[in-house]
There are 2 protein chains.
Amino acid sequence: MLDISELSRKSDVPASKLRYYEEVGLIRSVGRKGLRRVFDDSVLPRLALIALGQAAGFSLAEIRDMLGEERRPRIDRDMLSDKADALDRHIQELSALRDGLRHAASCTAPSHLECPTFQRLMRIALARQGTRERSRDKARMTGKTGERRRGDGA
Amino acid sequence: MLDISELSRKSDVPASKLRYYEEVGLIRSVGRKGLRRVFDDSVLPRLALIALGQAAGFSLAEIRDMLGEERRPRIDRDMLSDKADALDRHIQELSALRDGLRHAASCTAPSHLECPTFQRLMRIALARQGTRERSRDKARMTGKTGERRRGDGA
DNA sequence: GCTTGACTTCAAGTTGACTTGAAGTAGTAG
DNA sequence: CTACTACTTCAAGTCAACTTGAAGTCAAGC
């Protein structure tokens with residue numbers, strides 16, 4: 001059982017962020033001690049997963065969907081699998097980009113836009129990109145942030 | 001030689017975005033025909049690189065640094081190499097996340113936060129994360145958007 | 001030579017993910 | 001019991017990366 005500052009210290013996540021995450025339903029406190037939130041240890045791994053999901057380029061809404069709403073542990077395995085596939089494609093692209101950068105760093109061609117190796121690597125990366133057909137347009141998601149939108153009253 | 005709508009069509013990038021990219025110095029038009037911008041074909045691969053860079057999680061400012069300011073093709077090879085290394089670490093994390101998702105999708109444990117395999121995968125991912133020590137705090141960059149900041153006058 | 005419509009500029013709006021600040025409250029140390 | 005301080009809420013601010021809208025311009029077709 002942790003209060004917000006202990007959780008903040010242990011997770012290296014600012015308290016304001018923790019409150020925000022609770023507000024949008026990414027984490028939950030197990031109760032209050034007076035006014036103060038009380039968290040339990042299970043939010044630590046959860047916060048780590050959130051950070052990881054963000055690093056993977058998922059929005060908080062997507063991450064919330066992936067993790068489930070804390071007390072609904074049964075999460076959609078097909079969706080998870082789809083996310084994994086999408087992530088894998090993303091990884092392929094990034095790998096191509098990494099190789100491109102790596103090559104550009106060592107290549108002695110006058111301008112690497114003219115270097116055939118670089119061009120080939122980029123073609124590979126871009127071909128993949130075309131394959132996905134703007135899949136990130138669908139990532140915008142239809143709000144569904146539960147509560148929220150209070151900061152726009154007046 | 002393309003006008004903005006042709007470029008938009010060929011690149012599948014909205015004209016507003018192209019103007020924005022020009023404004024912030026990511027691309028350049030070769031001139032004007034009357035008021036209208038004229039681009040040459042070299043911006044097409046450049047736009048593709050920009051998209052790729054974004055997919056890799058770089059900010060537009062970082063991408064601009066990586067690509068150079070169009071007429072300064074000599075770009076810093078050490079920096080490129082550092083970016084490649086950073087990207088590679090990122091890829092490792094994403095791979096761990098992908099494996100975690102993949103496993104979660106097929107795992108029959110009651111809740112995969114309790115599944116030992118999942119926990120192990122996450123530990124690996126998180127260990128890596130600790131290694132980087134908040135490197136993304138440095139990614140904020142010191143503005144340096146050249147011109148810009150006009151839309152916030154009053 | 002006038003209308004049309006795709007371009008232009010510039011300001012302002014939007015979205016996601018937060019942070020900051022003011023004003024209030026409550027467990028704890030003295 | 002009072003003070004202190006770390007918490008609380010809520011509104012508003014910020015930042016990147018764009019988009020939207022209003023008002024203007026200009027080459028082309030009729």
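Proteins get letters first, then strands, A, B, ... in listed order; numbering begins at 1 in each.
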Find the distance [X]:[atom1] to [N]:[atom2] and express it as a whole number of Å.
X: B/Glu23; N: D/dA16; atom1: CD; atom2: P; answer: 13 Å
X: A/Arg64; N: C/dC18; atom1: CZ; atom2: P; answer: 13 Å
X: B/Leu18; N: D/dA17; atom1: CG; atom2: P; answer: 16 Å
X: A/Ile27; N: C/dC18; atom1: CD1; atom2: P; answer: 11 Å
X: B/Lys17; N: D/dT20; atom1: NZ; atom2: P; answer: 12 Å
X: A/Asp65; N: C/dG16; atom1: CG; atom2: P; answer: 13 Å
X: B/Tyr20; N: D/dA17; atom1: OH; atom2: C1'; answer: 4 Å
X: B/Leu60; N: D/dC18; atom1: CG; atom2: C1'; answer: 9 Å

Any idea which heavy atoms bring [X] and [Y] closest together, and the distance?
X: B/Leu7; Y: B/Leu44; value: CD1-CD2, 3.8 Å
X: B/Pro14; Y: B/Ser8; value: CA-OG, 3.8 Å
X: B/Leu18; Y: B/Val13; value: CD2-CG1, 3.7 Å
X: A/Gln54; Y: A/Ile63; value: N-CD1, 3.5 Å

**Message:** D/dC18, OP1 or OP2 - any side-chain N/O from B/Tyr21 closer than 4.0 Å?
**Reply:** yes
**Item:** Residues that A/Ser11 engages under side-chain hydrogen bond (donor to acceptor under 3.5 Å, both in side chains), provided they are two or more places apart
**Value:** none
Using modelled atom types and a 3.5 Å cut-off, is there a donor and acceptor pairing between side-chain atoms of [X] and backbone atoms of [Y]?
X: A/Arg46; Y: A/Arg28; result: no
X: A/Arg64; Y: A/Val24; result: yes
X: B/Ser29; Y: B/Phe39; result: no

Could you run down the sub-3.5 Å N/O contacts of the protein with nucleotides 28-30 of chain D?
none

**Request:** Take the C1' atoms of the five end pairs on each side of the helix from C/dG1-D/dC30 to C/dG30-D/dC1, get both axes, and report the angle to 10 degrees.
**Result:** 10°
**Message:** A/Asp3: which residues meet the side chain to side chain contact (heavy atoms under 4.5 Å, CB included) condition with it, sequence neighbours left out?
**Reply:** A/Ser5, A/Glu6
Could you list all N or O pairs between the protein and nucleotides 5-7 of chain C that sit under 3.5 Å apart?
unit_1	atom_1	unit_2	atom_2	d
C/dA6	N3	B/Arg36	NH2	2.8
C/dC7	OP1	B/Asp3	OD2	3.0
C/dC7	OP1	B/Ser5	OG	2.4

**Asked** If you group Ile, Leu, Val, Met, Phe, Trp and Tyr whenever their side-chain heavy atoms sit less than 4.5 Å apart, what else falls in with B/Met1?
**Response** B/Val30, B/Val38
**Request:** From the options D/dT9, C/dT19, D/dC18, select the nucleotide whose nearest atom is closest to the side chain of A/Arg32.
**Result:** D/dT9
**Prompt:** Considering only heavy atoms from C-beta outward, does the side chain of A/Tyr21 approach that of A/Val43 to under 4.5 Å?
**Reply:** no
